[in-house]
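Report on the structure given below.
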Amino acid sequence: MSTLLSVQNAHVRYPRTGRLATQLTGGHQRWVNVVRGVSLEIGKGETLAIVGESGSGKTTLAMALMGLVPMYEGDVSFEEQALAQGPRGRLRPDRERVAMMFQDPVGSLSPRMTVRAALAEPFEIHGRDVATDDEVVRLLDLVGLPAEFADRYPHQLSGGQARRIGVARALALEPALLIADEPTAGLDVSIQGDVLNLLSGLQERLGLGILIITHNLNIVRHVADHMAIMYLGRFVEQGSSEDIFWHPRHPYTKALLSANPNPDPDAETERLDLVGEVPSLLQLPSGCEFHTRCAFAEAKCTEVVPPDGSAGPGHEFRCHFPLQDR
Ligand code: SF4
C-alpha cells in the first residue's frame, strides 16, 4: 500500500512563559517540548489513531501537521513529496489534499451561516468555483443527511448532525487525508458509533487516509488499522489495533484500555487502574516518564530511559518490564 503521510522524528515546542514555569525549571528551560521525536506512517485508505490523555501532545502534533503551529524538527512527506516549511517553521500542506475536522463542530460553524453556506465556504476559501446546490446536496448525501438540511442553522442541528456537517465540510474538496480531532467527543455512545462508522464507510468508498486523535482507545479499535499511544509527547507503544488491543505491552496502554471498559464480552477483563495526574512537561520524571503512575515500576524505571522494544513486526513499545513478559 502506498504511503500517504510519513512523519520522521517530529518535535514541536512552545516558548516557555510565566513565573511558575520559571520557578519550576529554575529559569534554565526556554522551551516546553510538547511533541518529542514522533514517527508515523499512514497508507492510502488506512486509519491511524493516536490515543492519549489530554496534555499528551496529540492535538499539537495534528496542528503541526496542518501547519497551524511550527514544527521545530522532523521530516514530513505527503504523497512521497517532502513538505516544505515556511519561514517560521510551519509546514505547508496542500489544504485541499489534507483536511482537518476540529473538535467542536458546532463551535466551528458560524451561528449565522446556514449549512449550505458552511459547505460552500471551503470552495470559496480555496478559490474554486462557487459550490452548486448539487454539490451541497452531494456532500449532505455523503454523510447521510437529506437535502433539506442545507437550509438549517447550527442551533437547529443535534450533536451528531453537526459532526456529520463537520465531516462533509472537511471532505468538500476531496482530500486524500482527513485529520479528525476527537471526532466523537461530547456525543452519546450510540452516536459515537454512528460517526465512526460513517468515517469508516467513507474511507472505503473514497480511499481516504484518516488520522484520528482521541483519548478513548476502545472506541476507535474497530475503525483504526493502527494505533499509537502517546504519553508526555512521545509514542510509548504503537502497532496494529489487533496487537494493541489483545496484547498490550506497555502498562499505560493497558490502563487506557481499563479506563474505558469494552462492551465486548470476549474482551479481556483484567483491570489496571490509571492513578495520579499527567506530570508537567516542564518537570519530566527521570528514567521512564510513566514511572510516577505505573503499578509495575521498579528502581531501574526511575533511572534508566527504556529503549525501544519490539513485540513483533510493527509492534513497538518502550518499557523495561513489558506486560506478558513478567
Ligand atoms: Fe512501568 Fe517501568 Fe515499564 Fe515504565 S519502564 S512503564 S515504569 S514497568
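Note: hydrogens, waters and symmetry copies are ignored here, and every other heavy atom, side chains too, is used. For ligands, and for the atoms within them, numbers begin at 1 and follow the listed sequence.
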Taking 4.0 angstrom as the limit, do R169 and E121 come out as a salt bridge?
yes
Measure the NZ-NE2 distance between K300 and H320 for me, rounded to the nearest 0.5 Å.
5.0 Å
Just how far is it from atom OG of S56 to atom CG of L281, taken to the nearest 0.5 Å?
9.5 Å
Pull out every atom of ligand 1 sitting under 4.0 Å from any heavy atom of C294, numbered as shown with elements.
1 (Fe), 6 (S), 7 (S), 8 (S)
For C288, the ligand 1 atoms whose distance to one of its heavy atoms is below 4.0 Å
4 (Fe), 5 (S), 6 (S), 7 (S)
At a non-hydrogen distance cut-off of under 4.0 Å, which region of C319 contacts ligand 1 (side chain, backbone, both, or neither)?
both
Could you tell me how the ring of Y153 sits relative to the ring of H155: parallel (under 30°), tilted (30 to 60°) or perpendicular (over 60°)?
parallel
Strictly under 6.0 Å, is that where the ring centroids of F296 and F321 end up?
no
Please determine whether C301 has a backbone or side-chain N, O or S atom lying under 2.8 Å from atom 2 (Fe) of ligand 1.
yes
Between H250 and atom 3 (Fe) of ligand 1, is there a contact where an N/O/S atom of the residue lies under 2.8 Å from the metal?
no
